[in-house]
Undergrad: 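Encoded as structure tokens, here's the structure I'll be asking about.
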Amino acid sequence: MLNFRTYNIMIELTPIPVGFELERFGSASIDLHEWMRLRNYALEFVVGKGVNATSFTVLHTEAGFADLASHTQVRWLADHFELLCAAGTSGDGTGGFLAELNRLILPMPSLQFVLCAAAASTLLAYLRITEKLPADCFGVSLVGTSSTGKTTALKLAASLYDENVFTAFYGTANALHSMLGKHHGVPIAYDESTIHNAISISNFIYAFTQGQEKLRLDSNAQLKYRNSWACTALFSSETYLVNAERDNLGIIARVITLDGLTYTVDGVHSEQIKAFTGKNYGYVGSLLAEHLLASDSAEILQQFQDVREELLELFPETCSLSERLAMNYAMIVTTSVMLSTLGIQTNTEILKQMCVLLHGEITEEAHPGKNLVCRIFNYISCSYKMLEGIKWTLDREKKPIKVEILESTFEQILEQIGATDKKTAVRVLLDEGYLVTPEKNRIKAKISIDGVVSYGYRFCYPKIDEAFGPVNDAVYTYKR
């Protein structure tokens, strides 16, 4: 079941496209099969009335949806709705809508990526329901300064479904989970997601990707109703929603971070998008849902798996997070393929390359020790004539087998390369085997340089050679 709160149902009335809009259903949920039957009833009603207009709008009265879903739908429409015929109130039909949408998204692959990430909600929910695919919910975080079009991109993504998809990230964790409970196949977009909220972002991200609330008891020790959801979440902020220094890698893999991208060409483009989203809600979401309902779910699953395998082959280097990341990226890329077949011009090949680049960034974060040791020895290789407190141990062939760095020199190097948190630096180097401990529970080693013994860190040179590559012999043979 897909939840909507505003319905824009486009009816093909040959030769004139007709827009049929049901407004103000509140938080009601409509099964898509019922929704499609309703569309057919509406078409029958329109033809029976002899309506000849480019569009018409039906405004909902106070009667409930249960009546609408009964077998008397056509009579209910005639008795309880006011029919307002007005040429052009919903644009110039399906073709005009798609043409304008394509014109707006064509120059900006970053904007296409956000739209496909939003529409991936429908594919994710569909595959979870029909093929029991164990796909987690995931987020996309748009990070950057103001005036880059982040909010505009989120509004356009929200307009694929419903204006209420776009909301502020403000409230208690329980309230936010309750809101998520209405999103099955429909994305949610949080604007300025790191501002004015005291809840733990990491805890919220973890709960969101699980797709359901944690179990809770009421005052009578009975299990409370447990909200669940199946969707993607879009976030915009000027600071990182998640980052490697603060959060564990499991959390980072649950959110795709788009850092410093621009989503609009200029101010005019931004205003055009805003004007477009203010008039058009729900068409793309319903179009994609109908496409999926009319498809063989096994074929859709195979299409998704093929894209996933292709992405894994495109990754130049993999890490422990690659499988999970490939699932998320494949949802977005497969959605792009489907939208393209439905007439929405997304550049799937460019989106694939974006996924490869994003995976590369995460791979670096998944190996922070390797990244750090490369920066350390790059600095040493460039500045060895100015550095003291480094001792190289060579084998019989005058090749390095061990390198030791005094603690004061190590701290100096970290400061120069911008890694100011020494504890974190030492921890990641230890975790990945770049530091050799002299004995159990002791990290620092006693180092003798020019007859002076002091404490420092002992590096495993074969690991350095594997990560950084061979160090130039001028570096380790230099004598002061």
Side-chain angles (χ1 to χ4, degrees), residues 243-246 248-249 252-253 315-322 356-357 359-480:
N243 64 66
E245 293 183 1
R246 184 190 66 207
N248 62 51
L249 292 174
I252 293 172
F315 296 157
E317 182 181 359
T318 58
C319 64
S320 60
L321 304 175
S322 295
V356 172
L357 292 173
H359 175 266
E361 294 175 0
I362 294 293
T363 300
E364 287 189 6
E365 294 180 346
H367 300 293
K370 178 182 177 181
N371 183 38
L372 180 60
V373 86
C374 288
R375 292 160 61 196
I376 289 173
F377 281 87
N378 182 63
Y379 181 79
I380 291 173
S381 297
C382 295
S383 309
Y384 65 94
K385 292 183 179 181
M386 300 180 292
L387 290 171
E388 296 180 350
I390 300 178
K391 180 181 179 181
W392 297 87
T393 301
L394 309 181
D395 62 14
R396 291 181 179 181
E397 298 179 356
K398 303 299 182 182
K399 297 297 182 182
I401 57 174
K402 183 172 63 178
V403 58
E404 297 167 306
I405 305 176
L406 292 179
E407 184 173 19
S408 57
T409 304
F410 181 72
E411 291 174 350
Q412 175 189 345
I413 294 171
L414 291 182
E415 183 178 356
Q416 291 299 316
I417 64 175
T420 55
D421 188 342
K422 188 181 79 170
K423 287 184 177 180
T424 300
V426 171
R427 176 177 56 79
V428 299
L429 291 172
L430 276 171
D431 289 346
E432 296 182 34
Y434 293 104
L435 288 183
V436 178
T437 56
E439 57 186 76
K440 187 177 181 180
N441 298 325
R442 177 177 290 183
I443 298 173
K444 298 176 188 177
K446 287 184 179 180
I447 302 172
S448 176
I449 298 180
D450 296 330
V452 179
V453 178
S454 186
Y455 283 102
Y457 300 96
R458 184 174 295 158
F459 285 79
C460 174
Y461 186 78
K463 286 280 293 182
I464 294 167
D465 184 56
E466 179 185 328
F468 178 71
V471 175
N472 191 294
D473 58 1
V475 177
Y476 54 80
T477 59
Y478 179 75
K479 300 292 184 182
R480 289 188 169 277

Undergrad: Under the criterion side-chain contact (heavy atoms from CB on, under 4.5 Å), I'd like the reasoning laid out for Ile449 against Glu404: C-alpha separation, chi angles, the key distance, then a yes or no.
TA: CA-CA 10 Å; Ile449 298 180; Glu404 297 167 306; over 6 Å; no
Undergrad: Got a salt bridge between Glu432 and Lys463, using NZ or NE/NH1/NH2 to carboxylate O under 4.0 Å?
TA: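 Result for this pair is no, no salt bridge flagged.
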Undergrad: Show the nearest heavy-atom pair for residues Lys446 and Val453, with the distance to one decimal.
TA: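 Lys446 and Val453 have their closest heavy atoms at CB-CG1, 4.2 Å.
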Undergrad: If you round to the nearest 0.5 Å, how far is OG of Ser448 from NZ of Lys391?
TA: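 The NZ atom of Lys391 sits 5.5 Å away from the OG atom of Ser448.
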Undergrad: Is any side-chain heavy atom of Ser454 closer than 4.5 Å to a side-chain heavy atom of Glu407?
TA: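 They are not in side-chain contact.
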Undergrad: Counting only heavy atoms not in Lys422, do more than 12 sit closer than 6.0 Å to its NZ atom?
TA: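 Check passes, neighbour count above 12.
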Undergrad: Decide yes or no on side-chain contact (heavy atoms from CB on, under 4.5 Å) for Thr424 and Arg427, but give the supporting numbers first.
TA: CA-CA 5 Å; Thr424 300; Arg427 176 177 56 79; 3.6 Å; yes
Undergrad: Identify, with sequence neighbours excluded, every residue that meets ring-ring contact (aromatic ring centres under 6.0 Å, His included) alongside Tyr457.
TA: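 Per chain and number, Tyr457 pairs via ring-ring contact (aromatic ring centres under 6.0 Å, His included) with Phe410.
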Undergrad: Does some side-chain heavy atom of Tyr455 sit less than 4.5 Å from a side-chain heavy atom of Ile447?
TA: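 No - every pair of side-chain heavy atoms lies 4.5 Å or more apart.
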Undergrad: Could you tell me which residues satisfy ring-ring contact (aromatic ring centres under 6.0 Å, His included) with Phe377, sequence neighbours excluded, listed by chain and number?
TA: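 Checked Phe377 against ring-ring contact (aromatic ring centres under 6.0 Å, His included); matches are Phe459.
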Undergrad: Is it the case that over 12 heavy atoms from other parts of the model lie below 6.0 angstrom from the CG atom of Leu430?
TA: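 Check passes, neighbour count above 12.
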Undergrad: How close do Cys374 and Ala467 get, heavy atom to heavy atom, and via which atoms?
TA: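 Closest heavy-atom pair between Cys374 and Ala467: SG-O, 3.5 Å.
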Undergrad: Check whether any side-chain heavy atom of Lys398 lies under 4.5 Å from a side-chain heavy atom of Tyr476, and answer yes or no.
TA: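 Side chain of Lys398 against side chain of Tyr476, heavy atoms only: no contact under 4.5 Å found.
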Undergrad: Say you draw a straight line from CE of Met386 to CD of Gln416; how long is it, rounded to the nearest 0.5 Å?
TA: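 Atom-to-atom, Met386:CE and Gln416:CD are 8.5 Å apart.
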Undergrad: Let me confirm one number: the CG-CD1 distance from Leu414 to Ile376, rounded to the nearest 0.5 Å.
TA: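 Spacing of CG (Leu414) from CD1 (Ile376) equals 5.5 Å.
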Undergrad: Only one of Val373, Asn371, Asn378 clears side chain to side chain contact (heavy atoms under 4.5 Å, CB included) with Arg375; which?
TA: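 Considering Val373, Asn371, Asn378, a side chain to side chain contact (heavy atoms under 4.5 Å, CB included) with Arg375 is found only for Asn371.
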Undergrad: Using the side-chain contact (heavy atoms from CB on, under 4.5 Å) rule, take Val471 and Trp392 through it: C-alpha gap first, then chi angles, then the decisive distance, then the call.
TA: CA-CA 11 Å; Val471 175; Trp392 297 87; 4.1 Å; yes
Undergrad: Starting at CD1 of Ile252, measure out to CD1 of Ile362 and round the result to the nearest 0.5 Å.
TA: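 Taking CD1 in Ile252 and CD1 in Ile362, the distance rounds to 6.0 Å.
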Undergrad: Checking Leu387 against Tyr379 for the side-chain contact (heavy atoms from CB on, under 4.5 Å) test, could you report, in this order, the C-alpha distance in whole Å, the side-chain angles of both residues, the deciding distance, and whether it holds?
TA: CA-CA 10 Å; Leu387 290 171; Tyr379 181 79; 4.1 Å; yes
Undergrad: Please report the closest heavy-atom contact between Cys460 and Gly433, naming both atoms and the distance.
TA: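 That would be CB-O, 4.0 Å.
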Undergrad: Looking at Ala425 and Leu372, what are the two nearest heavy atoms and their distance?
TA: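 It is CB-CD2, 3.5 Å.
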Undergrad: Just by distance, do the side chain of Thr363 and the backbone of Cys319 share a donor-acceptor pair under 3.5 Å?
TA: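 Not a single qualifying donor-acceptor pair exists.
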Undergrad: Could you tell me the separation between the CD1 atom of Ile443 and the OG1 atom of Thr437, rounded to the nearest 0.5 Å?
TA: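 Output value for this atom pair is 8.0 Å.
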